[in-house]
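In what follows, a single structure is set out as C-alpha cells and then discussed.
Excluded from the calculations below are hydrogen atoms, water molecules and symmetry mates; all remaining heavy atoms, backbone and side chain alike, are included. Chain identifiers are assigned alphabetically (A, B, ...) following the order of the sequence lines, protein sequences preceding nucleic acid strands; residue numbering begins at 1 within each chain.
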Amino acid sequence: MSAVVAVFAPLDKPLSYEVPAALREQVAPGVRVRVPLGNRRALGVILELASAGVEGLRPVEEVLDLQPLLSSPMLAFLRRAAAYYHHPLGEVLRAALPAGLTAVKTRVNIVTERFYRAACAVQDPPGARQREILAWLRGREEVPLSEISRHFPAPHAVLKRLVELNLLSVREGERRRDPFLDQPVPVDVRPVLGVDQQQALAALLDALAAGRFAQFLLHGVTGSGKTEIYLHAIAAVLEQGRQALVLVPEIALTPQLVARFRTRFQAACARVAVLHSALSEGERYDAWRAIARGEVQIVIGARSAVFAPLPDLGIVVVDEEHESGYKQSEGWRYHARDLALLRAQGSAAVVVLGSATPALTTFYRTQAGDTGYLSLDARVLGRPLPEVELVDLGGRRLSGALAPELMEALSATLERKEQALLLLNRRGFAPYLLCRECGATFRCPNCEITLTYYQSRRRLRCHYCDYVQRPPERCSGCGGTSIEPEGAGTERLEEELAVAFPVARIARMDRDTTSRKGAHQSLVDGMEQGAIDILIGTQMVAKGHDFPRVTLVGVIGADSSLNFPDFRSAERTFALLTQVAGRAGRGTLQGRVLIQTYAPTHHALACAARHDYLGFYEQEIAFRRELGYPPFGYLINLVLAGNQPLQVERCAAELAEELSRKAGEVEILGPAPCPLARLRGKTRYQILLKAAARAPLHRLLGVVDSRRRKLPRTLSLAVDVDPLDML
DNA sequence: AGCACGCCGACT
DNA sequence: GTCGGCGTGCTC
C-alpha cells in the first residue's frame with residue numbers, strides 16, 4: 001500500500017511513500033504523517049491511498065492524527081487553490097493549518113491550565129501579597145493562571161500558599177481564553193428593516209433555501225445597515241444546522257462588530273469563535289479543533305479565517321470586500337475574497353460580498369449577471385449624505401498644509417463644539433528632507449525611496465525596511481547646511497494645527513501612534529467621549545468606527561494615492577475618499593467634507609464628491625476595457641528579486657525571452673524594474689503577463705514552474721496571480 | 001525549505 | 001597543502 005503525500009515543503013509535486021502494515025489501519029486521506037525527506041524528516045498530509053505497491057518507496061514513519069485533519073471537500077478546495085495560484089500544495093496546506101501542526105518539532109499544545117477561585121472563607125492570610133491577590137480574586141469568578149500572571153508578577157508561590165491555607169480552590173481545566181470576551185456586551189438592538197433591507201434579505205434567504213452555491217454583492221454606503229442583513233441571513237443558516245463564516249479586512253478594528261454578533265447569537269446558544277493574530281499557538285489550535293468538530297457555529301476572522309474548517313459551511317460574508325487587506329502580500333499571495341468564492345462553490349454555500357465601494361471587478365460581475373446585486377440605497381434613518389466640496393489647489397500657493405477654506409471650516413466646527421476628522425495619508429513629519437543648495441534628498445540605503453523625517457524623534461526612517469538614521473547636519477553632496485523638511489505628514493499637520501488652534505484638543509491616529517496595544521481603542525474612546533476636537537490620521541481614520549459628533553472631514557493629500565504607478569490607483573482613491581466622506585455626519589448633525597486636490601476634474605475625485613459610484617464605475621470600466629485590464633483581462637505578475645542588480649536584470653531578461661517564445665495569446669510586459677526597484681537591499685524586476693482569458697496564462701506558467709528550479713538560488717521569484725498592486 | 005555535494009580564495 | 005565560501009541539485 002502506498003500513500004501520496006503533500007509534504008510541507010515547497011516541492012512542485014506530492015511524493016509517494018510506502019505505508020507499513022502496522023500503520024494501515026490509521027492512514028486515510030486528510031491525516032498528517034511524518035515522512036523521511038532527504039536525510040531529514042518532514043510532515044505532510046495524505047492526499048490519497050493506492051493499494052498497488054510500488055517498489056523502492058521510503059516508508060511513512062508515523063501517523064499523527066486519529067481522524068483526518070482536513071475533510072475531503074476542504075482538501076479539494078485547497079488543491080484547487082494551489083493550482084489556481086501556482087503555489088506548491090504543501091505550502092498551501094501549511095498556510096491553511098494552524099501553526100504548530102505543520103512543524104516537525106512537535107510541541108505539546110497547551111490544552112489545560114490551572115483555574116483559581118477564592119474560597120468562601122472569611123479570614124485573611126498573613127502575607128501582604130497574599131491578601132492583595134486574594135482580594136482581587138474575590139472580586140471575580142474562576143480565573144486562569146495566565147490572567148493572574150498578567151496582573152501580578154510571579155504569583156505561583158503566593159497561590160500555592162493560598163491553596164495550602166484553603167483560601168483558594170484550584171481546578172485543572174481546558175484553556176479557553178478569548179480577548180474579545182473583554183469587550184463590553186452591548187444591548188442587542190434589532191432595528192426594523194427598511195424596504196431595501198427586506199428585499200436584499202429575501203433574496204439571500206431564497207438562495208439559502210435553495211442550498212446551492214450563489215454569490216451576491218450587497219452594495220450599500222456606510223450606515224445603510226449591511227451588518228443587520230448579515231445577522232439575519234446567518235440566523236437562517238444556523239436554523240438549517242449549517243455554519244457561517246464572516247471575513248473582515250482587519251480583525252483588530254472590529255471589536256464592536258464581534259460584540260454585536262456575540263450578543264445577537266447568545267440567546268440561540270450559538271458559539272462564535274474569533275480568529276485573530278493575538279491568539280497563541282495553543283489557543284489557535286483549540287479554536288481550530290472546536291471548529292472542525294462542529295462545536296462552533298460562527299467564525300469571524302481576517303483573511304486566513306477563510307481556511308477555518310467549518311464542516312457544513314452555509315454562508316460566507318466578506319465584509320468590505322474591496323479592501324486590500326484581503327490580499328496576502330508575501331509568500332502565497334492569495335486573495336481571501338476569491339478563495340471564499342472558490343470554497344463556497346465546493347460547499348454549496350452562499351457568499352455575500354458587502355461594500356459601499358465594491359471592487360470594479362466585483363461590480364462588473366453583477367452587470368454580467370454572475371453575481372446577484374442587492375442594493376441598499378439610503379442610509380438608515382434616512383440621514384442625508386454629507387455635502388462634499390473639492391478645494392482646487394491648482395495655481396495656488398498655501399502657507400501651510402491647509403487651504404484657507406479648510407481652516408475656516410475647522411474654526412467654525414470648533415466654535416460649534418463639534419468634531420473634525422482630517423485625513424492625510426502620510427506618516428511622519430515630512431516625506432523627505434531636501435538640501436536647499438543642491439537639491440539632494442536623503443534616501444534609504446536599502447530601498448529606492450526617500451527617508452521620512454520624524455521631527456519628534458529627530459530621525460529619518462524608511463517605511464519599508466525600518467532603516468533609521470539621524471538627520472544629517474550638512475548635505476553629503478555639497479556640504480550645505482540648509483537642509484529642510486519638504487511636504488507634510490501627520491506629525492507636521494498636528495504641529496501646524498496646534499499653532500493655529502491653541503485651545504483645540506488635537507490627536508493623531510496613524511501606525512506610529514497606535515502601535516502600542518490599546519492605543520487605537522483609546523483614541524476611539526477619546527473621540528466618542530468628546531475628549532478630542534480634531535483627529536488627524538492616515539487612512540486608518542477612514543475605517544472602522546462611527547463618530548457621531550464628527551461634522552467636518554478634511555482630506556489633505558487626496559492626490560497622493562492617485563499618482564501611484566498602478567492601474568488601480570483611481571479605484572483605491574475613489575474608495576478611500578468615499579469612505580472618509582462617509583465619516584461626516586453619522587449622527588443627527590449635518591456633515592461637511594472638504595477635499596483639497598490638484599485634480600478636481602479627475603473622475604475619482606469628481607465622482608467621490610457626488611457620491612456617485614455608478615458614474616465612477618462607468619468611466620473607470622471604459623478605461624479598463626481599452627487597456628485590457630481586469631475585469632477584461634487577467635494578470636499575473638512575476639517578481640524577481642536578488643542582491644546583485646546585474647544578475648537580476650539578466651535573469652529577468654532571459655525569463656521574459658523564454659516566456660515570449662511560448663507566449664501564444666499572452667502579452668508579456670517587461671521585464672522592467674519594479675516601481676520600488678530596490679527593497680530591503682534587493683533589486684527587483686517584474687514581468688507582467690496579461691491575457692484575455694485565464695487558461696493561456698496558466699499554461700504559460702508551466703514554463704515558469706519548470707524554470708523556477710533552474711534559477712540561481714540567490715534569486716527569488718514570486719508569482720502573483722491577480723496582483724492588486726505592482727510595487 | 002533544508003541539506004549535501006562540489007569547486008575556488010585565505011590560512012596553519 | 002587544507003578550511004570553508006556559497007552556487008546547484010534533490011528530496012518518494
Problem - Nearest-Å distance for atom pair CD/C1', residues A/Glu91 and C/dT11 - result: 14 Å

Problem - side-chain N/O A/Asn39 vs C/dT11 OP1/OP2, d < 4.0 Å - result: no

Handout entry: Sugar-phosphate only, base, or nothing, as touched by A/Arg713 at under 4.0 Å among non-hydrogen atoms
Key = base

Problem - Spacing of A/Arg41 atom CZ relative to C/dC12 atom P, expressed in whole Å - result: 11 Å

Practice task
Let me know the distance between CG of A/Leu717 and P of C/dT8, rounded to the nearest Å.
Solution key: 16 Å

Handout entry: Value in whole Å for how far the C1' atom of C/dC10 lies from CZ of A/Arg58
Key = 12 Å

Completion exercise
Between CZ of A/Arg34 and C1' of C/dC12 the distance, given in whole Å, is 16 Å

Handout entry: Aromatic A/Tyr454 / basic A/Arg459 pairing, under 6.0 angstrom, 45° off normal
Key = no

Practice task
Whole angstrom is fine here: how far is it from CZ in A/Arg40 over to P in B/dA4?
Solution key: 10 Å

Exercise for the section: Strictly below 4.0 Å, heavy-atom distances to any atom of DNA chain C: list the hits from residues 6-15 of chain A, or just say none. Expected result: A/Leu11, A/Lys13, A/Leu15

Handout entry: A/Gln647 CD - C/dG7 P separation (whole Å)
Key = 8 Å

Report, one line per pair, each donor and acceptor closer than 3.5 Å where one atom sits in a side chain of residues 662-679 of chain A; sequence neighbours left out.
| residue | atom | partner | partner atom | Å |
| --- | --- | --- | --- | --- |
| A/Lys662 | NZ | A/Glu658 | OE2 | 3.3 |
| A/Arg678 | NH2 | A/Pro445 | O | 3.1 |

Problem - Carboxylate-amine/guanidinium contact A/Lys327 A/Asp720, below 4.0 Å - result: yes

Exercise for the section: Could you tell me whether a side-chain N or O of A/Arg284 sits under 3.5 Å from a main-chain N or O of A/His276, the two making a donor and an acceptor? Expected result: yes

Practice task
Starting from P on B/dA1, measure out to CG on A/Leu93 and report it in whole angstrom.
Solution key: 17 Å

Exercise for the section: For A/Phe564, look at atom CZ and say whether over 12 heavy atoms of other residues, nucleotides or ligands are found less than 6.0 Å away. Expected result: no

Exercise for the section: Measure from the ring center of A/Trp332 to the ring center of A/Tyr84 and say whether it is less than 6.0 Å. Expected result: no

